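Scroll down for the structure; my scribbles are underneath it.
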Amino acid sequence: MSGADAQVQPRKSGLTRRQKRALSRGAQYVVFVAAVIALAVTADWGRLKNQFAQWDLVKQMFPDVITLALKNTVLYTMSGFVFGLVLGMVIALMRLSPVGPYRWLAGIYIEIFRGLPALLIFVFVGVAVPLAFPGTEIPGGTYGKVALALGLVSAAYMAETIRAGIQAVPKGQMEAARSLGFSHARAMVSIIIPQAFRIVIPPLTNELVLLFKDSSLVLFLGVTLEERELTKFGRDLASQTANSTPILVAGLCYLLVTVPLGFVVRRLEAKAGEATK
């Protein structure tokens with residue numbers, strides 16, 4: 001090999017690919033730690049403590065923040081989830097129906113309620129429904145209104161999730177059931193839908209987490225003191241005391257539910273992934 005040929009060959013780097021990746025990760029950790037330290041040094045912790053960490057206000061919120069606000073939030077969420085799950089199942093089956101008008105109606109419903117903000121649905125339930133049907137009361141009072149509003153919103157998402165779960169069940173399951181003498185409806189109820197729900201449990205649990213946060217929109221329906229949920233409860237006390245500590249405590253109460261639910265979702269997804277291997 002001539003001297004000129006040797007000069008045009010690129011020099012080999014002294015670091016391996018694995019070492020470069022380790023160096024890149026180390027640099028990212030350094031940047032992250034530096035950013036945290038910079039925020040910690042520049043933040044005015046005294047003012048933050050005065051505005052968000054007044055212990056006397058925290059004690060004032062208990063036990064009502066748990067026995068009233070958190071309880072109502074859970075009840076609103078579960079009522080909306082159950083109604084949305086039932087309605088979502090019906091819409092999912094309509095989407096899979098061989099009858100054209102059923103599919104079209106289900107598709108229109110999904111596109112409308114999946115595209116509208118949840119706030120507008122609450123306003124619709126609280127204002128438009130009484131105007132459209134004078135003298136008609138939604139059963140359950142505020143709880144019924146919240147169940148209807150949250151259910152209408154969540155049903156659109158649940159319908160698509162359930163439909164995908166049903167279509168993910170191998171077609172051979174239906175063929176085997178029909179060969180054993182099952183009718184189509186009985187095979188769906190006894191074989192297909194149970195398998196589909198095992199598939200869609202993780203996304204449905206994630207939908208429950210989203211509904212838990214969306215329940216804060218109940219304040220737009222107008223609620224009594226005994227019907228307040230976490231956000232309304234925290235806002236009212238924050239307005240009375242001119243301090244944001246109640247808002248922080250309400251947020252922590254949300255995390256008491258959403259963090260364990262998020263852990264459950266991850267565990268279910270992991271189990272579902274292991275089952276498919």
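Predicted model only: the values in this text are computed from it and were never measured.
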Please determine whether side-chain contact (heavy atoms from CB on, under 4.5 Å) holds for the pair Glu160 and Arg95, giving the CA-CA distance in whole Å, both sets of side-chain angles, and the decisive distance to 0.1 Å. CA-CA 9 Å; Glu160 286 294 87; Arg95 283 279 282 174; 3.5 Å; yes

Linked hydrophobic residues, Phe263 as query - side chain contacts closer than 4.5 Å: none

Minimum side-chain heavy-atom gap Asp236-Ser239 below 4.5 Å: no

So, taking the atom named OG1 in Thr224 and the one named NZ in Lys232, what distance separates them when rounded to the nearest 0.5 Å? 10.5 Å

Which atom pair, heavy atoms only, marks the closest approach of Val200 to Gly165? CG1-CA, 3.5 Å

Would you please name every residue forming a side-chain contact (heavy atoms from CB on, under 4.5 Å) with Arg103, sequence neighbours left out? none

Provide the closest heavy-atom pair for Gly88 versus Ile162 in the form atom of the first, atom of the second, distance. C-CD1, 4.1 Å

Phe83 and Leu210: same hydrophobic cluster, using ILVMFWY side-chain contacts below 4.5 Å? no

Using the salt bridge (charged side-chain N to carboxylate O under 4.0 Å, His left out) criterion, which residues pair with Asp64? Sequence neighbours excluded. none

Does any N or O in the side chain of Ser97 come within less than 3.5 Å of the main-chain N or O of Leu93, such that one atom is a donor and the other an acceptor? no

By side chain to side chain donor-acceptor pair (under 3.5 Å), which residues pair with Thr142, not counting sequence neighbours? Glu227

Return all side-chain donor-acceptor pairs below 3.5 angstrom for residues 105-116, not counting sequence neighbours, or 'none' if the list is empty.
from	atom 1	to	atom 2	distance (Å)
Tyr109	OH	Leu152	O	2.9
Glu111	OE2	Arg114	NH2	3.2

Do Val86 and Val125 land in one hydrophobic cluster if side-chain heavy atoms of ILVMFWY residues count as linked below 4.5 Å? no

Can you name the closest pair of heavy atoms from Met61 and Leu237 and give their distance? CG-CD2, 3.2 Å

Within this structure, what is the CZ-CG distance for the pair Phe81 and Leu204, rounded to the nearest 0.5 Å? 5.5 Å

Pairing residues for Arg235 by the salt bridge (charged side-chain N to carboxylate O under 4.0 Å, His left out) criterion, not counting sequence neighbours: none

If you define the side chain from C-beta out and look only at heavy atoms, does anything of Lys71 sit under 4.5 Å from Ile66? no

side-chain contact (heavy atoms from CB on, under 4.5 Å) partners for Val90, two or more places apart: Met94

With sequence neighbours left out, the residues meeting ring pair (Phe, Tyr, Trp, His ring centres under 6.0 Å) with Tyr76 are Tyr143

Interatomic distance, Lys213 atom NZ to Thr77 atom OG1 [nearest 0.5 angstrom]: 11.5 Å

Identify every side-chain donor-acceptor pair in residues 183-190 under 3.5 Å, counting partners at least two apart or on other chains, and give the distances.
from	atom 1	to	atom 2	distance (Å)
Ser183	OG	Arg186	N	3.2
Ser190	OG	Arg186	O	3.1

So how far is it from Ile138 CD1 to Leu221 CG, rounded to the nearest 0.5 Å? 8.5 Å

Taking Leu87 as the starting point, is it possible to reach Val82 by hopping between hydrophobic residues whose side chains are less than 4.5 Å apart? no

Are Phe220 and Leu230 connected into the same hydrophobic cluster when the rule is that any two of I, L, V, M, F, W, Y join if their side-chain heavy atoms are below 4.5 Å apart? yes

Rounding to 0.5 Å, atoms CZ (Phe212) and CG (Leu150) come to a distance of 11.5 Å

Looking at Leu68 and Glu226, what are the two nearest heavy atoms and their distance? CD1-O, 3.2 Å

Does any part of the side chain of Leu131, heavy atoms only, come nearer than 4.5 Å to the side chain of Val127, both counted from C-beta? yes

Smallest heavy-atom separation, Leu211 atom then Gly80 atom, equals CD1-C, 4.2 Å

Going through the checks in order, is the side-chain contact (heavy atoms from CB on, under 4.5 Å) test met by Val65 and Leu70? CA-CA 6 Å; Val65 69; Leu70 182 58; over 6 Å; no

Shared hydrophobic cluster for Val74 and Phe62 (ILVMFWY, side-chain gaps under 4.5 Å): yes

Enter the distance from Phe197:CZ to Ile201:CD1 here, rounded to the nearest 0.5 Å. 8.5 Å

Show me, pair by pair, the donor-acceptor contacts under 3.5 angstrom made by side chains of residues 242-256, not counting sequence neighbours?
from	atom 1	to	atom 2	distance (Å)
Asn243	OD1	Thr245	N	2.8
Asn243	OD1	Thr245	OG1	2.5
Asn243	ND2	Asn50	O	2.7
Ser244	OG	Gln51	NE2	3.0
Thr245	OG1	Phe52	O	3.4
Thr245	OG1	Ala53	N	3.3
Thr245	OG1	Gln54	N	3.1
Tyr254	OH	Glu229	OE1	3.3
Tyr254	OH	Thr231	OG1	2.7

When the side chains of residues 166-177 are checked against the rest of the protein, which donor-acceptor pairs come out under 3.5 Å, sequence neighbours left out?
from	atom 1	to	atom 2	distance (Å)
Gln167	OE1	Arg163	NH1	2.7
Gln173	OE1	Gln195	NE2	3.0

Tell me, please, which residues at least two apart from Ser24 pass side chain to side chain donor-acceptor pair (under 3.5 Å). Gln28

